[in-house]
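Since the structure comes first, as structure tokens, the remarks are kept for the end.
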Number of protein chains: 2
Amino acid sequence: MSRIRVKNEEKIIRAASRIFAENGYAATKTADIAELAQLPKPNIYYYFGSKEKLYRAVLESVTEPLLAASAPFIEYRDPVKALTAYIKAKLLISRDYPYASKVFASEIMHGAPHLPEDIIARLSEQTRTLSAKLNDWVGQGLMAPVNGHHLLFAIWASTQTYADFNWQITMALGKEELDDGDFDQAAEVITRLVIDGCRVKSLTEG
Amino acid sequence: MSRIRVKNEEKIIRAASRIFAENGYAATKTADIAELAQLPKPNIYYYFGSKEKLYRAVLESVTEPLLAASAPFIEYRDPVKALTAYIKAKLLISRDYPYASKVFASEIMHGAPHLPEDIIARLSEQTRTLSAKLNDWVGQGLMAPVNGHHLLFAIWASTQTYADFNWQITMALGKEELDDGDFDQAAEVITRLVIDGCRVKSLTEG
DNA sequence: GTCTATACGCAGATAGAC
DNA sequence: GTCTATCTGCGTATAGAC
């Protein structure tokens with residue numbers, strides 16, 4: 001694995017993330033990826049074999065950040081801290097991986113036809129862990145009796161929307177692009193909805 | 001405009017909504033639409049002229065329901081009633097127009113390249129009206145000081161997710177498909193988040 | 001390892017018979 | 001108004017020179 005290979009593969013993945021995000025899988029031309037990556041088209045095939053395999057490589061590149069975002073849920077015992085940190089982490093993914101997030105969203109929207117089984121399994125496992133924890137908190141009287149799954153869906157949707165529907169949001173806000181202040185406001189609103197809406201209690205201050 | 005024409009156009013639109021939703025614009029073959037509609041492929045072209053025009057017709061078919069969903073915001077003066085009804089209306093769109101909703105979402109996700117200007121204008125107008133009303137309520141002390149735009153984004157995202165990410169949700173719930181009970185639970189959770197989270201006050205019972 | 005030039009298949013669109 | 005048969009262009013993929 002030469003240094004040039006690693007470097008070129010990175011360039012291609014970065015370019016591909018963007019083109020796939022903007023156009024969707026079927027509508028993207030490998031020629032456009034090559035152009036953005038400033039490499040000849042056959043190099044794409046030399047490094048990745050096919051458009052399909054390149055696409056899967058892009059999908060896999062977001063998997064780790066996505067799974068890592070749930071770390072707060074494990075780390076913090078305090079429900080308020082855990083949920084606040086989780087919402088922030090999810091919003092940062094939308095901010096920092098806007099293209100990969102979109103590719104992932106598009107993939108899920110169409111029934112995950114290209115998503116490898118092992119990734120699906122890990123995401124499912126994560127879902128079970130998170131909703132179980134929410135239900136635990138409900139059982140311990142640490143929050144109002146809400147359905148953990150549906151609360152999770154609401155958190156996912158309202159954080160991911162800042163990447164997936166970026167176009168709509170920037171237009172509604174009358175901006176060119178979202179800045180850190182917008183993400184702060186988003187975090188404030190979503191956190192309030194969850195913490196106050198579900199009457200989540202802190203372990204330290206009752 | 002013969003009766004047969006109207007009937008065939010309906011059949012084609014219905015089939016197209018589904019195929020476009022499942023595969024995305026670029027990946028759908030007009031042949032597949034024709035097959036599902038049980039008509040020969042050239043009829044698609046006879047009635048709609050091109051794949052692109054057919055796609056736009058599908059987009060336009062959801063516009064009215066989408067705009068109509070905001071009626072509660074206008075009809076009800078009471079913030080609690082208005083928001084509760086709005087959330088319910090948005091969820092019903094996800095339930096009753098799952099395919100068209102997905103097509104619309106996919107279109108927005110990619111920057112609305114095919115969405116006619118006049119539809120964009122009407123949706124923008126609606127966005128302004130809704131966020132202005134939310135800000136009014138805040139100004140009148142009828143709800144906590146939340147940013148109207150971001151609250152709106154959260155409501156949109158968490159209701160549309162039941163159509164757009166249907167696959168993920170049914171999998172997480174371990175079901176084959178969502179039933180009315182699931183939508184009721186979704187409504188309950190989202191309504192709680194908004195009403196309790198933003199401390200929305202009812203006009204009648206303070 | 002890199003890239004120019006080319007093959008090949010698929011799917012959008014249509015000509016023209018009925 | 002309907003449909004069979006066909007054209008054509010575009011985009012994935014590769015052969016083969018360097």
Side-chain angles (χ1 to χ4, degrees), chain A residues 1-60 99 103 106-107 110-111 113-116, chain B residues 1-61 99 103 106-107 110 113-116:
Chain A
M1 193 77 113
S2 70
R3 278 222 318 292
I4 183 135
R5 180 178 197 102
V6 172
K7 193 168 180 180
N8 277 348
E9 285 184 354
E10 265 175 22
K11 275 174 76 171
I12 293 168
I13 288 272
R14 199 166 32 242
S17 300
R18 175 157 177 185
I19 304 285
F20 279 133
E22 289 175 348
N23 306 297
Y25 176 76
T28 82
K29 305 171 228 182
T30 51
D32 288 350
I33 295 174
E35 193 190 346
L36 185 62
Q38 290 178 306
L39 288 168
K41 190 171 56 153
N43 282 30
I44 307 281
Y45 288 88
Y46 175 70
Y47 286 118
F48 289 93
S50 72
K51 179 183 173 180
E52 161 95 24
K53 284 179 191 163
L54 170 56
Y55 178 73
R56 277 214 285 267
V58 170
L59 278 180
E60 283 170 19
Y99 301 128
V103 175
S106 192
E107 175 68 13
H110 297 119
H114 305 279
L115 203 62
Chain B
M1 194 77 112
S2 69
R3 280 221 318 292
I4 182 131
R5 180 178 197 103
V6 171
K7 193 170 179 180
N8 278 347
E9 285 184 353
E10 265 175 23
K11 276 173 75 172
I12 294 169
I13 288 272
R14 198 165 34 240
S17 300
R18 176 156 176 187
I19 304 284
F20 280 132
E22 289 174 349
N23 307 296
Y25 176 76
T28 82
K29 305 171 229 183
T30 51
D32 287 350
I33 296 174
E35 193 189 346
L36 185 62
Q38 290 178 306
L39 288 169
K41 189 170 59 153
N43 282 33
I44 307 281
Y45 289 88
Y46 174 70
Y47 286 119
F48 289 92
S50 71
K51 179 182 172 180
E52 161 96 25
K53 283 180 191 162
L54 170 56
Y55 178 73
R56 278 214 284 267
V58 170
L59 278 180
E60 284 169 19
S61 76
Y99 301 128
V103 175
S106 192
E107 174 69 13
H110 297 120
H114 305 279
L115 203 62

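Chain naming here is simple, since letters A, B, ... match the order of the sequence lines and numbering starts at 1 in each. Side-chain atoms are counted along with the backbone in the values below, which use heavy atoms only and exclude waters and symmetry mates.
Look at A/Thr30 and you won't find any side-chain N or O under 4.0 angstrom from OP1 or OP2 of D/dA13. The phosphate of C/dT2 has neither OP1 nor OP2 within less than 4.0 Å of any side-chain N or O from A/Tyr46. Contact between the side-chain N/O atoms of A/Tyr45 and the OP1/OP2 oxygens of D/dA13 is found at a separation under 4.0 Å.
B/Asn8 comes within 4.0 angstrom of the backbone, heavy atoms only, and of no base. Among the protein residues, A/Tyr47 comes within range of the sugar-phosphate backbone only, with heavy atoms under 4.0 Å from sugar or phosphate atoms but none that close to a base. When heavy atoms are screened at a 4.0 angstrom cut-off, A/Ile4 is found touching the sugar-phosphate backbone but no base atom. Using a 4.0 Å heavy-atom criterion, one finds that A/Pro40 contacts the sugar-phosphate atoms exclusively.
The pair B/Arg56-B/Glu60 does not count as a salt bridge, with every side-chain nitrogen at least 4.0 angstrom from each carboxylate oxygen. A salt bridge is defined here as a Lys NZ or Arg NE, NH1 or NH2 lying under 4.0 Å from an Asp or Glu carboxylate O, and A/Glu9 with A/Arg5 meets this definition.
Across the protein-nucleic acid pair, B/Ile12 atom CD1 and C/dG12 atom C1' stand 15 Å apart, rounded to whole Å. If you take CG of A/Asn43 and P of D/dT14, they are 14 Å apart, rounded to a whole angstrom. Distance, B/Leu39 CG to D/dT2 C1': 10 Å, rounded to whole Å. One atom, CG of A/Asn23, and another, P of D/dG11, lie 11 Å apart when rounded to the nearest Å. Spacing between atom CZ of B/Phe48 and atom P of C/dT14 amounts to 16 Å, rounded to whole angstrom units. One interatomic measurement links the two molecules: NZ of A/Lys51 to P of D/dG11, which rounds to 9 Å at whole-angstrom precision. One can place CG of B/Asp32 at 13 Å from P of C/dC10, the figure rounded to the nearest angstrom. What separates NZ of A/Lys29 from C1' of D/dG9 is a distance of 12 Å, to the nearest Å.
Contact record, A/Phe20 with A/Leu54: CE1-CG, 4.2 Å, taken as the closest heavy-atom pair.
For B/Lys41, whose side chain is taken as the heavy atoms from C-beta onward, the closest listed nucleotide among C/dA13, C/dC3, D/dT12 is C/dA13. The nucleotide whose nearest atom lies closest to any side-chain atom of A/Arg5 is, among C/dA5, C/dA13, C/dG1, C/dG1.
Cation-pi contact between A/Lys51 and A/Tyr25: present, with separation from the ring centre below 6.0 Å and deviation from the ring axis of at most 45°.
For A/Lys29, the NZ atom is loosely surrounded, since the number of other residues' heavy atoms within 6.0 Å does not exceed 12.
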